[in-house]
2 protein chains.
Amino acid sequence: MQIRTPLELGLVIRDRRRKLGLTQAELARKIGAGRQWLVAFERGKSRAEIGLVLRALSALDLLLTIHPDDLPLEPSDGPIPVDIHAVVDAAKKARE
Amino acid sequence: MQIRTPLELGLVIRDRRRKLGLTQAELARKIGAGRQWLVAFERGKSRAEIGLVLRALSALDLLLTIHPDDLPLEPSDGPIPVDIHAVVDAAKKARE
DNA sequence: TTCAAATGTCGGCGTTCGCTGACAATATAG
DNA sequence: CTATATTGTCAGCGAACGCCGACATTTGAA
């Protein structure tokens, strides 16, 4: 599974949590976070802190790997190329 | 590369940034973050927000993948006998 | 449908974020 | 070595965090 946005991350965690038969309250307790944090995170909270995220992944036995995209894992007809800089610039401008 | 902690994440980004010949200021600007954020993040800041982290990975052309640790990412050398139908069924079920 | 569990939402609170600007401390040239 | 670029640190600021408690809504099983 490829992760590009906070929402994708949240959905992956949600699926896995359910697959393991855990409730939000149970998982939150395991990772030492509030239940409300999990609620927001699974729904794509973009400003969640990575420490908790990594703990969640660990608690769900999910492995996180990073690799340069010029060494493709799977020959992709894959993700739509996005100009991140343009996006960010737009976002910044929007905030002013 | 496997990621378990915020520090590992920071170090991976740092290595990649240097490999691409970017300065902290340059990368921070691309991401739309302050330079001080990058400084702290590369040094393992555990409460950095994932939104910025994902933007950093994207800006460095790094792919992030998640998978259960009981489904190894790369088949060890030598063909592993696999029941393709079982795998497909499991995947299908998983998506529901 | 009924009812309990699970999930989502709200307000308030103290803490920490990430930002800017300025300065100190290292690396890297020349 | 000196000079420059890069990286690291500090203080101050507004904004958002993640927490808790309580309540509303949705889900799932009897």
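Side-chain atoms are counted along with the backbone in the values below, which use heavy atoms only and exclude waters and symmetry mates. Residue numbers begin at 1 in each chain, while the letters A, B, ... track the order of the sequences.
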Roughly how far apart are A:Leu9 CG and A:Glu42 CD, rounded to 0.5 Å?
-> 10.5 Å
For A:Leu11, which residues count as a side-chain contact (heavy atoms from CB on, under 4.5 Å) partner, sequence neighbours excluded?
-> A:Leu7
What is the 5' to 3' range of DNA chain D, first to last nucleotide, that sits under 4.0 Å from any heavy atom of chain A?
-> D:dA16 to D:dA22
Gap between atoms CD and C1', on B:Glu49 and C:dC19 respectively (whole Å) | 11 Å
Can you tell me how far C1' of C:dT15 sits from CH2 of A:Trp37, to the nearest Å?
-> 17 Å
Only distances under 3.5 Å count here; give the side-chain donor-acceptor pairs of residues 27-34 of chain A to other protein atoms, sequence neighbours excluded, each with its distance to 0.1 Å.
none

When rounded to the nearest 0.5 angstrom, what is the spacing between CE in B:Met1 and CG in B:Leu64?
-> 12.5 Å
Residues in residues 6-24 of chain B with a heavy atom under 4.0 Å of DNA chain C, by number, are none
Which part of the nucleic acid, if any, lies within contact of B:Ala48, taking any heavy atom under 4.0 Å across all strands shown: a base, the sugar-phosphate backbone alone, or nothing?
-> sugar-phosphate
With a 4.5 Å limit on heavy-atom distance, are the side chains of A:Thr65 and B:His67 in contact?
-> yes
Taking for each residue the nucleotide of DNA chain D with the nearest heavy atom, is it B:Glu42 or A:Gly34 whose nucleotide lies nearer the 5' end?
-> B:Glu42
Between C:dT16 and B:Lys45, is there an OP1 or OP2 to side-chain N/O distance shorter than 4.0 Å?
-> no
Rounded distance (nearest 0.5 Å) linking atom CG of A:Asp69 with atom CG of B:Asp61 = 4.5 Å
Is there side-chain contact between A:Leu57 and A:Arg16, with heavy atoms separated by less than 4.5 Å?
-> no
Degree of bending, the helix from C:dT1-D:dA30 to C:dG30-D:dC1 (end axes from five pairs; round to 10°) = 70°
B/S/- contact track for nucleotides 21-29 of chain C, protein heavy atom under 4.0 Å | BB-------
Are the side chain of A:Arg17 and the backbone of A:Leu22 linked by a donor-acceptor contact shorter than 3.5 Å?
-> yes
In Å, rounded to the nearest 0.5 Å, how long is the span from CG of B:Leu54 to CG of B:Leu62?
-> 11.5 Å
Rounded to whole angstrom units, what separation is found between the CZ atom of B:Arg47 and the P atom of C:dG18?
-> 9 Å
Is it the case that one hydrophobic cluster holds both B:Ile50 and B:Ile3, taking links as side-chain heavy atoms less than 4.5 Å apart, direct or via other members?
-> yes
Euclidean distance, B:Arg4 CZ relative to A:Ser58 OG, rounded to 0.5 Å | 8.5 Å
Across the strands shown, which category fits B:Gly51 at heavy-atom distances under 4.0 angstrom: base, sugar-phosphate, nothing?
-> nothing
Give, for atom CZ of A:Arg47 and atom NZ of A:Lys45, the distance between the pair rounded to the nearest 0.5 Å.
-> 8.5 Å
Does the A:Thr23 side chain pair with the main chain of A:Glu26, one donor and one acceptor, at a distance under 3.5 Å?
-> no
